[in-house]
Colleague: 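Below is a structure I'd like to ask you about.
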Amino acid sequence: MNLIDQLSEKQKHIHSLESIAGLLGWDEQTLLPEDSADQRQDQNATMAKVIHQAETDPEIGRILEQLETQAAKHETAPILRDARRDYDRSTKLPASWVEKRARLCSEAYHAWAAARKNNDFPSYIPYLQRHLDLAKEGAELLGWGDRPYDLQIDLHDPGVDAATIDQLFSSLKSDLVPIVQTIVNSPTKARADIFKGFPVAEQKAFLEDVTASLGFNYKRGRIDISLHPFCSGNGADTRMTTRFDVDNPLDSLFSSIHETGHGIYEQGLPLDSLHNALGKAAGMGAHESQSRLWENQVSRSRSFWKYYEPKFRAAFPKQLEDISSDELYLAINSVSQNPIRVDSDEVTYNLHIIIRFEIEKKLFSGELAINELPEYWNAQYKELLGIEPKNDAEGVLQDVHWSGGAFGYFPSYCLGNMLAAQLWYAATEQLPELEEDFTRGDFSRLLGWLREKVHKNGARYHLLELSQHATGQTLSPQPLIRYLKERYLPLYS
Ligand code: ZN
C-alpha cells in the first residue's frame, strides 16, 4: 500500500469513530429518555478516549513525516496540510491539559447556567478566568504562545487572524450603524403578534416541502425536534433539527431553512473523501455562509415568497386570513433592537458579533479584565445598538459559548454573513435569471452553482481563499452592506 493510502486508512478509521460519536450526540439531543443520561455520559467519554487514541496513533506521525519529504502533489497537498495540523494539535496537548479542560467545561457550564439564572456574574468570573488561562496555556503548547487569540480563530476558521477580522469588522461597523439607526427610527414596524395557532403537523409538512425544494436530500438525511435547532452528521447521513411554536411559525420555518443550508453543504461535499480535507467543510465561516445564504438572501426575498405565499396561505387559510401580503413580508424581514443575539435579525446580528469579537480580543491581549466585562458589554450595546441590557443575564451572560472555552467562534457567524452576500452577488451576476427561477419554486440553478464553486472543493480552500476562488474577490463587508441596504431600506424608509 502506498503512503497516501496508508494515511487514508487511518483517516477513515477516525472519521468512522467520529461519525458514531456524532450520532450519539444527535440522539442525546433528540430522542434520549431523560433518565438515561448517565450511561450516555459514559459512552461519550469512552468515544472521546477512543477517538483521541486513533488521532494520536504514532503511525500517522511516521506516515506524515515520510510523505512530507516527497514533493507535494497538487491533489494531496490540502490533505497533508490539514492532516499535519490535526495530528500536531492532538499530540502536542498532554492528556493532563485535555482532561483539565474537559472538567472545566463541565463545571463552567453549570456555573454559567446558575449565574444566568440568578443574574450573578461575579460567581462566574473564576471559571472564565480559568478558561482564559487554559486557552493561553494551550496556545503555548501548540507554538502559538505569542498569538493566543489568533489560534482560537484558526480553530474555527483556518487561515484567518484577528488583524484580518479587525479590518473587515471596523469597515462593516461604520457602514452598518447608520443603517440600523435608519431602520429603528422608521415609523414602519413589523408586528410579531400577528401569528396565532399554527398546528405543528401542518408546519412540519410545509417546512419539509420547502427544504426539499431547496435541495435537501431526505434520502440521506432527516429532520427531528430538539430544544435548539442544529445540523449534525455528514453528507452520508445528515441530521437536522428544528423546534415548533404554534404562535411563531416563522421561527421554525427559518431555523429549518438555516439548518438546511448547513445540510445541503454537507450533502454536496465529495462523498468519497469525507475522511480527509477534500471532503470536509472549509471551516465555520464557510459553513455559516451556506446556511445564511439560503435563509436570508434566498428565503427572505420577494421572489421566494411570490412562489411560497400562496402555498403558505393554502396550508394555513384561517390563521393568515387577516394578515396582508405586506404585513407578512415585513414580519419575514422584521428588524428590531433586541439585546439577545439569538433572537436578533440579520441586520443587527452583525453588531452583536462585533461586540463579542472586540471583547475576546481585549481579553486575550489583557486590555480588558474579566470583572470589567459587564460594564464594557453594556457600554458597547448602548453605543452600537442603542439599547442597554436590563441586567447581566440579558447581557454578558446570555451566550453559552465561553463556558465551553469556545473563544474565537463568534466571528465566524459574521464572516459567514459577509461571504453569503458576496457569493449571492457573484451568483446573480453570472446567472441573472436566478430570482426568476425562485418565483417558480426552482432553486436548482443556484444549488448547482454553489455545488461547483463551493461544495465540491471541500476544505481545499480555506475561507479567504474560498472567497477568492468562488467570487474572484477578496472577502469584503461591502457586498453585505449593499445587500442589507437593498433588502431593508426600501421596507423601512
Ligand atoms: Zn448556523
Side-chain angles (χ1 to χ4, degrees), residues 22 25-26 29-30 152-153 155-158 160 165 207 210-211 214-216 221-235 238-243 250-269 280-300 332 338 340-354 356-357 398-402 404 406-424 446-447 450 454-455 458-459 462-463 466-467 475 480 483-484:
W26 165 82
Q29 296 192 55
T30 51
Q152 299 302 316
I153 295 166
L155 291 171
H156 301 97
D157 276 307
V160 182
I165 297 178
L207 72 84
V210 171
T211 53
L214 295 178
F216 188 79
R222 48 182 292 136
I223 189 160
D224 294 273
I225 294 174
S226 67
L227 192 58
H228 301 288
F230 64 88
C231 178
S232 70
N234 55 56
T238 316
R239 305 297 176 103
M240 306 193 289
T241 66
T242 189
R243 60 185 172 202
L250 297 183
D251 174 59
S252 179
L253 179 63
F254 282 99
S255 64
S256 302
I257 294 173
H258 179 96
E259 301 310 332
T260 294
H262 286 303
I264 286 175
Y265 183 21
E266 289 289 334
Q267 291 184 335
L269 295 168
K280 292 196 192 297
M284 282 273 317
H287 230 303
E288 209 56 30
S289 77
Q290 299 305 292
S291 54
R292 304 278 170 144
L293 190 147
W294 288 105
E295 178 192 352
N296 297 327
Q297 277 81 11
V298 176
S299 303
R300 294 186 199 276
I332 288 162
N338 195 315
I340 305 292
R341 175 185 60 88
V342 293
D343 294 336
S344 68
D345 52 82
E346 63 163 328
V347 186
T348 55
Y349 192 94
N350 301 292
L351 297 175
H352 291 263
I353 297 303
I354 289 171
R356 285 156 178 77
F357 166 72
Q398 66 181 269
D399 301 306
V400 68
H401 300 58
W402 292 336
F407 303 107
Y409 187 124
F410 288 119
S412 301
Y413 295 123
C414 189
L415 295 170
N417 281 339
M418 288 184 198
L419 182 59
Q422 198 159 323
L423 288 168
W424 172 246
L446 176 62
L447 180 62
L450 290 168
V454 180
H455 306 173
H462 290 154
L463 183 76
L466 180 65
S467 154
L475 188 65
L480 177 59
Y483 158 73
L484 293 174

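Both backbone and side-chain heavy atoms feed into the values below; hydrogens, waters and symmetry mates do not. Along the sequence shown, residues are numbered consecutively beginning with 1. Order of listing sets the numbers, starting from 1, for every ligand and every atom in it.
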Colleague: Which distance, rounded to the nearest 0.5 Å, do you find between the CD1 of Ile257 and the CZ of Arg292?
Modeller: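 Answer rounded to 0.5 Å: 13.5 Å.
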Colleague: Anything protein N/O/S under 2.8 Å from the Zn ion (ligand 1)? Just list residue and atom, please.
Modeller: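 Near the Zn ion (ligand 1), below 2.8 Å, one finds His258 NE2, His262 NE2, Glu288 OE1, Glu288 OE2.
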Colleague: Is a side-chain donor-acceptor pair under 3.5 Å present for Gln29 with His228?
Modeller: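 The criterion, which ignores hydrogens and geometry beyond distance, is not satisfied for Gln29 and His228.
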Colleague: Please report the shortest heavy-atom distance between Ser412 and His156, naming the atom on each side.
Modeller: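 What the structure gives for the nearest pair is OG-CB, 3.7 Å.
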Colleague: Using every non-hydrogen atom in the two residues, find where His352 and Ile340 come nearest and quote the distance to one decimal.
Modeller: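 Shortest heavy-atom separation between His352 and Ile340 comes out as CE1-C, 3.8 Å.
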Colleague: Using atom types as modelled and distance alone, determine if a side-chain donor or acceptor of Ser299 lies under 3.5 Å from a backbone N or O of Trp294.
Modeller: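 Confirmed, Ser299 side chain pairs with Trp294 backbone.
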Colleague: Under a plain distance cut-off of 3.5 Å, with no hydrogens placed, do His455 and Gln267 share a side-chain donor-acceptor pair?
Modeller: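 Looking only at side-chain atoms, His455 and Gln267 do not form any donor-acceptor pair under 3.5 Å.
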